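All chains are named by letter (A, B, ...) in the order of the sequence lines, taking the proteins before the strands, and each is independently numbered beginning at 1. Keep in mind it's a predicted model, so treat the numbers as computed, not measured. Heavy-atom basis, side chains included; hydrogens, waters and symmetry copies ignored.
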There are 2 protein chains.
Amino acid sequence: MAPPERRRRSTQRDIARHAGVSQATVSLVISGGAASNQIAESTRRAVLAAAEELGYAANVAARSLKGGRNRLLGLYTFESVFPTDQRDFYYPFLLGVAEETARQGYDLLLFSSDRGESSTGTPTAERSIYAGGANRLKIADGCVLLGRNVRREELSALVREDFPFVFVGRREVDDGELSYVAADYVSATGALVAELARLGHRRILYLRALEDSEPTRDREEGYRRGLAEAGIVPDEALIRRLADPADLSVDHLEEWIGGLGITALLVEPTEDDRLTGALATMAGTERVRFPADCSLALLGDPPSWTPESRNWTRFSLPRARMAGEAVRVLIGLLDRESPEPRQLTVPCEFVPGDSIGPVPARPVPARPVPADPDGRPTT
Amino acid sequence: MAPPERRRRSTQRDIARHAGVSQATVSLVISGGAASNQIAESTRRAVLAAAEELGYAANVAARSLKGGRNRLLGLYTFESVFPTDQRDFYYPFLLGVAEETARQGYDLLLFSSDRGESSTGTPTAERSIYAGGANRLKIADGCVLLGRNVRREELSALVREDFPFVFVGRREVDDGELSYVAADYVSATGALVAELARLGHRRILYLRALEDSEPTRDREEGYRRGLAEAGIVPDEALIRRLADPADLSVDHLEEWIGGLGITALLVEPTEDDRLTGALATMAGTERVRFPADCSLALLGDPPSWTPESRNWTRFSLPRARMAGEAVRVLIGLLDRESPEPRQLTVPCEFVPGDSIGPVPARPVPARPVPADPDGRPTT
DNA sequence: ACTCCCAACTAATACGTATTAGCAAGTGCC
DNA sequence: GGCACTTGCTAATACGTATTAGTTGGGAGT
């Protein structure tokens with residue numbers, strides 16, 4: 001019993017037969033390349049008519065196998081985007097990429113499949129570009145990359161392969177240069193420090209991420225520069241790292257205020273809502289108030305784009321704009337003959353918010369105060 | 001001056017040369033297919049070692065050129081998704097599709113490029129599947145379709161050429177059956193009518209969309225059924241259409257309440273925020289209050305997913321779930337040998353809200369009241 | 001010694017497209 | 001009429017992989 005004939009896609013050869021020309025002619029007409037003006041108008045029309053009739057669609061695989069273009073851009077995220085608390089963070093990026101991609105006449109390929117297969121055929125749990133031993137991204141003409149927990153070795157491989165891609169965020173590898181569109185964390189953090197200094201703060205704690213990725217390094221750099229410009233001598237004890245931002249408790253904070261004498265806090269937010277969750281919990285206790293007891297500013301956006309429960313003082317990165325810029329850079333790479341890596345830095349926006357203020361007047365325990373008969377300070 | 005040698009990816013042939021075997025052997029080892037157990041263990045190891053050394057990554061394009069499948073699902077929206085007021089409506093669909101696609105081990109292709117080129121090369125403004133004389137969707141193995149303003153002729157073409165796709169929402173064409181995953185608007189609308197009837201309403205106005213698409217027809221059907229089951233004789237004057245939902249004004253409403261004697265209103269929401277805008281404006285006037293003066297329920301979701309200014313009584317379609325279901329149906333179509341179209345209907349969720357209530361007690365103007373000596377009605 | 005078979009490989013080919021070299025017919029020019 | 005040149009097309013090939021149909025060399029069976 002013969003298996004039911006699977007309907008085959010029509011190919012250029014089918015069209016060629018139909019129109020009574022060669023496959024090469026069809027290709028010239030369809031892809032409309034440089035040499036396509038050598039085709040007679042009548043032939044062109046015949047081919048197009050046949051193509052229309054047969055419902056022809058170019059085969060991406062074959063096209064890109066030849067090295068041609070698919071008008072396809074990829075978007076790859078090193079983190080999984082779907083956990084509810086992360087996707088809000090990534091949505092503006094997605095939107096920016098999608099919009100600009102569309103505007104440029106490209107379609108967008110979301111590399112979202114988690115279930116890669118290793119070369120041995122066993123499914124791998126981890127998210128990877130080289131799933132199945134192949135660079136999946138190559139389906140697309142080029143790719144925008146995103147994410148905090150970058151796999152360095154994969155980035156390196158991409159650079160070595162000379163695959164056109166642009167990272168949203170500053171990233172570096174040992175193997176060579178890569179293109180990116182980054183937010184100017186250095187200046188933005190520096191500006192926040194300057195603002196705090198202007199308000200009189202001298203002991204500003206910087207609560208940084210545990211991992212030592214570029215964005216974090218840039219913020220630390222900005223922190224140091226800001227201090228230097230304000231003439232404050234940095235105190236290494238004021239740079240703290242927290243393994244899990246959810247651990248940030250009011251106990252910690254009181255310890256820092258009391259023990260370290262800090263009056264302001266700079267916190268690096270996370271993509272998920274662990275940090276904002278911790279802040280909300282802290283607000284619930286009402287033991288420390290911002291900015292009455294301590295100023296607090298975020299070094300970036302809290303994840304959710306829904307109206308905040310609190311309008312934190314912070315800087316905000318223009319996520320959609322960065323994403324759009326990344327697409328433009330990428331297309332630039334694709335169009336150029338010898339793609340020099342390009343780096344672009346865009347400024348962050350300062351959001352005044354309401355969580356910083358002047359240094360709170362506080363009784364200084366060590367210094368003796370002129371006592372009244374009761375021994376209690378006057379109010 | 002010679003152009004800088006573009007680094008070439010290593011191929012199976014490179015590995016073959018390196019390991020002193022043939023390309024076919026490499027392929028057998030790498031892809032580990034059925035016949036790969038015929039390979040001697042020593043050879044296999046040599047090949048894998050060479051692959052490792054050369055940093056081999058299979059070329060997806062070539063692979064899928066042979067196999068036919070790209071493990072790529074498409075998502076096409078007939079409306080442009082990017083206008084701010086629409087994207088919130090479509091986001092849950094996108095999310096649902098993306099998530100399920102990823103879970104199934106596919107990647108997702110967003111057909112967002114607006115700038116199609118017609119066959120003559122002149123850019124066309126309209127959004128179209130068949131841009132450039134080719135069906136762009138065919139790049140993917142199959143496609144999920146979405147949108148209200150469907151191009152019927154394109155849908156028909158898709159059906160004719162037997163392209164695997166699933167519509168999110170009930171759609172029909174003359175040419176044959178198509179697969180869809182739809183919300184049960186009929187029952188949901190019927191249930192709302194039943195609820196209003198239970199509260200004593202007898203004159204319920206149905207404000208429907210102007211165009212006669214399936215979702216609208218289903219709601220109308222549900223409206224009529226609901227009335228019938230409540231034993232209410234339908235009054236055709238109570239079915240109204242509004243060209244632009246933004247035109248819904250408090251004047252209209254007062255006219256309906258006074259002139260038509262309605263006590264409840266069912267409104268079909270739009271994907272953009274024209275309707276909710278109009279409702280907000282109406283609320284601002286404070287001339288008609290819901291549900292004190294009139295009950296109001298929405299036949300679907302208001303577009304934005306940000307917290308509503310008002311918790312409207314309504315039904316809500318499980319957008320993400322529908323999208324996920326659509327992906328599963330689509331993959332079912334792909335896996336099956338002879339793809340029979342499948343139709344799936346999922347129930348809507350009733351959201352009680354706070355905009356419906358009992359029939360307001362109101363003076364009936366026509367009935368003569370016992371007059372006092374002044375001839376003025378007592379207050 | 002002869003066939004037969006099997007293990008372990010390779011040669012050849014197809015997938016659908018883009019591109020280049022080249023060919024045939026026509027045109028203009030001397 | 002011969003030559004160069006143009007126009008409009010086709011033949012041939014390459015891209016990297018999967019697969020099928022062989023092709024070896026040698027060991028077992030008779």
Side-chain angles (χ1 to χ4, degrees), chain A residues 6 8-47 51 54-72 119 121 132-136 138-139 141 161 163, chain B residues 6 8-47 51 54-71 132-135 138-139 141:
Chain A
R6 266 241 142 168
R8 208 173 49 85
R9 294 177 168 195
S10 53
T11 71
Q12 291 188 351
R13 199 151 64 207
D14 299 329
I15 298 176
R17 264 195 291 269
H18 212 81
V21 295
S22 73
Q23 175 267 324
T25 304
V26 175
S27 174
L28 287 176
V29 171
I30 298 286
S31 55
S36 74
N37 36 6
Q38 295 185 359
I39 304 289
E41 188 54 31
S42 59
T43 310
R44 155 188 243 96
R45 265 202 294 267
V47 168
L54 297 182
Y56 170 78
N59 182 322
V60 211
R63 197 170 259 185
S64 75
L65 177 57
K66 257 318 268 186
R69 295 287 163 75
N70 301 323
R71 293 200 84 72
L72 230 60
S119 43
N135 175 358
R136 303 154 57 200
K138 280 227 156 179
I139 295 183
D141 294 343
E161 276 192 42
F163 179 76
Chain B
R6 264 223 145 183
R8 207 176 52 84
R9 298 164 45 90
S10 55
T11 72
Q12 291 188 351
R13 200 153 61 209
D14 299 330
I15 299 177
R17 264 195 291 269
H18 210 254
V21 295
S22 74
Q23 175 268 323
T25 304
V26 175
S27 174
L28 287 176
V29 171
I30 298 287
S31 56
S36 74
N37 36 6
Q38 294 183 0
I39 305 289
E41 188 53 33
S42 58
T43 310
R44 153 185 247 99
R45 265 202 294 267
V47 168
L54 297 183
Y56 170 78
N59 182 325
V60 195
R63 198 170 252 182
S64 69
L65 175 58
K66 267 307 275 183
R69 289 291 166 80
N70 289 323
R71 283 197 91 71
N135 174 357
K138 281 200 172 184
I139 288 175
D141 298 346

In whole angstrom, what separates A:L65's CG from C:dA14's C1'? 12 Å

A:T11 has a side chain; which of C:dT17, D:dT17, C:dC15 sits nearest to it? C:dT17

How sharply is the helix from C:dA1-D:dT30 to C:dC30-D:dG1 bent, taking the axes over five pairs at either end and rounding to 10 degrees? 60°

Starting the side chain at C-beta, find the nucleotide from D:dG16, C:dT17, C:dC15 nearest to A:R13. C:dC15

Rounded distance (Å) that lies between atom P of D:dC9 and atom CZ of A:R45: 12 Å

Looking only at heavy atoms, the pair that brings A:I30 and A:R63 closest together is CG2-NH2, 4.0 Å

In whole angstroms, the gap separating P of D:dA18 from CD1 of B:I30 amounts to 9 Å

Which heavy-atom pair separates A:Q23 from A:Q12 by the least distance, and what is that distance? NE2-OE1, 2.9 Å

Minimum heavy-atom separation for B:T11 to B:Y56, with atom names? C-CE1, 3.8 Å

Nearest heavy-atom contact between A:I39 and A:V29 is CG2-CG2, 3.9 Å

So, OP1 or OP2 of C:dA18: does either fall under 4.0 Å of a side-chain N or O from A:R63? yes

Nucleotide D:dG16, atom C1' - distance to NZ of A:K66 in whole Å: 11 Å

Heavy-atom closest pair, residues A:S22 and A:A16: C-CB, 3.6 Å

Sugar-phosphate or base contact per nucleotide [nucleotides 7-12 of chain C; S, B, -; heavy atom under 4.0 Å]: -SBBB-

To the nearest 0.5 angstrom, please state how far the CD atom of B:Q38 sits from the OG1 atom of B:T25. 10.5 Å

Got a sec, which residues hit side-chain contact (heavy atoms from CB on, under 4.5 Å) with B:R45, two or more places apart in sequence or on another chain? B:E41

Pairing residues for A:A61 by the side-chain contact (heavy atoms from CB on, under 4.5 Å) criterion, not counting sequence neighbours: A:N59, B:S64, B:L65, B:N70

Spacing of A:D14 atom CG and A:R17 atom CZ [to the nearest 0.5 Å]: 5.0 Å

Calculate the interatomic distance between A:I15 atom CD1 and C:dA18 atom P; express it in whole Å. 11 Å

d(OH, B:Y56; C1', D:dG16) in whole Å: 7 Å

